[in-house]
Q: 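Here it is: the structure, laid out below.
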Amino acid sequence: MGDGVTSPAGSGPLSETGRLFLHAVDVAKAVFARPFQWREFIQQSWFVASVTIVPTALVSIPFGAVIALQLGSLTKQIGAQSFTGASSVLAIIQQASPLITALLIAGAGGSAICADLGARSIREEIAAMETLGVSPIHRLVVPRVLAAMLVATLLNGVVSVVGVLGGYFFNVIMQGGTPGAYMASFNGLAQLPDLWIGEIKAVIFGFIAGVVAAHRGLNPAPGPKGVGDAVNQAVVISFMLLFLVNVVLTAIYLQLVPPKGM
């Protein structure tokens, strides 16, 4: 396949899916190529973090509040207020945090990566690199994908902390819950693998968002309109893949890791 940069016109969905998969394989193999582009990696990590950290922190607060308020109301109706802390915190750590992180990485960071590579493509910079024998995958794509993975992992921790604190505030302060019961239920049901699955999801989601953004950015239709269409396609495809992969990972986790106390 070479570097997986070119894409024939008029391709169908199955052909595009195959090229995306092969592009992901090329990126995974190029990660181990030397020399590693440290400068590009650091610059892209800072760039992705700068465009995602504030929106991610702001979005995580209402997410944590909605989860805490909804679960607090539900557990109160069924007389299980003592489990509000565990249910809300586990929902935030296992599901909400990696998904919020992934959506912001794909929507903000991924779109910027796609637009940057798309602009390089229509200016024929990518073709010039290939002519000179420089791999665009190794030189441009790998640092951006690894940057998306790193920032997704770090942001997932930020979202988890902000979401849990927001859930605690809205459950204890707004709904009159007791701090002791909130923390006791969390300590009684939560376990370390719950945190690990959130971080694993964030890493995988960051890889998917970075690969999809790079693939569409390297294969835009001609002209500025083609770059805009590629950005929109990258975001939509990333969202669809992220939700699908989240379902698969959650199902595998629930099968492999038994609940605490069982």
Q: For side-chain contact (heavy atoms from CB on, under 4.5 Å), just list the numbers for L155 and L104, CA-CA rounded to whole Å, side-chain angles, deciding distance to a tenth of an Å, and then say yes or no.
A: CA-CA 10 Å; L155 285 183; L104 268 298; 5.7 Å; no

Q: Do M129 and I122 sit in one hydrophobic cluster, given that two such residues count as connected whenever their side-chain heavy atoms are within less than 4.5 Å of each other, even indirectly?
A: no

Q: Say you draw a straight line from OG1 of T17 to CG of L22; how long is it, rounded to the nearest 0.5 Å?
A: 11.0 Å

Q: Which value, rounded to the nearest 0.5 Å, describes the distance between C114 atom SG and L218 atom CG?
A: 8.5 Å

Q: Is any side-chain heavy atom of H138 closer than 4.5 Å to one of P35?
A: yes

Q: Let me confirm one number: the CZ-CG distance from F21 to D26, rounded to the nearest 0.5 Å.
A: 10.5 Å

Q: Could you tell me whether the side chain of Y253 reaches within less than 4.5 Å of the side chain of D194, counting heavy atoms only?
A: yes

Q: Report the C-alpha separation of F207 and V245 in whole Å, then their side-chain angles, then the decisive distance to 0.1 Å, and conclude whether the side-chain contact (heavy atoms from CB on, under 4.5 Å) test is met.
A: CA-CA 12 Å; F207 177 80; V245 172; over 6 Å; no

Q: Do W46 and F41 sit in the same hydrophobic cluster, where Ile, Leu, Val, Met, Phe, Trp and Tyr count as joined when their side-chain heavy atoms come under 4.5 Å apart?
A: no

Q: Among I113, V48, V27, whose side chain to side chain contact (heavy atoms under 4.5 Å, CB included) with R144 holds?
A: I113

Q: Got a second to check how far Q255's CD is from I252's CD1, nearest 0.5 Å?
A: 9.5 Å

Q: Specify the closest pair of heavy atoms between N156 and A202, including all atoms of both residues, with the distance to one decimal.
A: CB-CB, 3.7 Å

Q: Where do Q37 and P143 come nearest, in terms of heavy atoms and distance?
A: CB-CG, 3.8 Å

Q: To the nearest 0.5 Å, tell me how far S111 OG sits from R216 CZ.
A: 14.5 Å

Q: Which heavy atom in L117 sits nearest to a heavy atom in A214, and how many Å separate them?
A: CD1-CA, 3.6 Å

Q: Looking only at side-chain N and O atoms, does T250 offer a donor or acceptor that is under 3.5 Å from a partner on K201?
A: yes

Q: Which value, rounded to the nearest 0.5 Å, describes the distance between T56 atom OG1 and I105 atom CD1?
A: 6.5 Å

Q: Measure across V51 and A108 and return the closest heavy-atom pair with its distance rounded to 0.1 Å.
A: O-CB, 3.7 Å

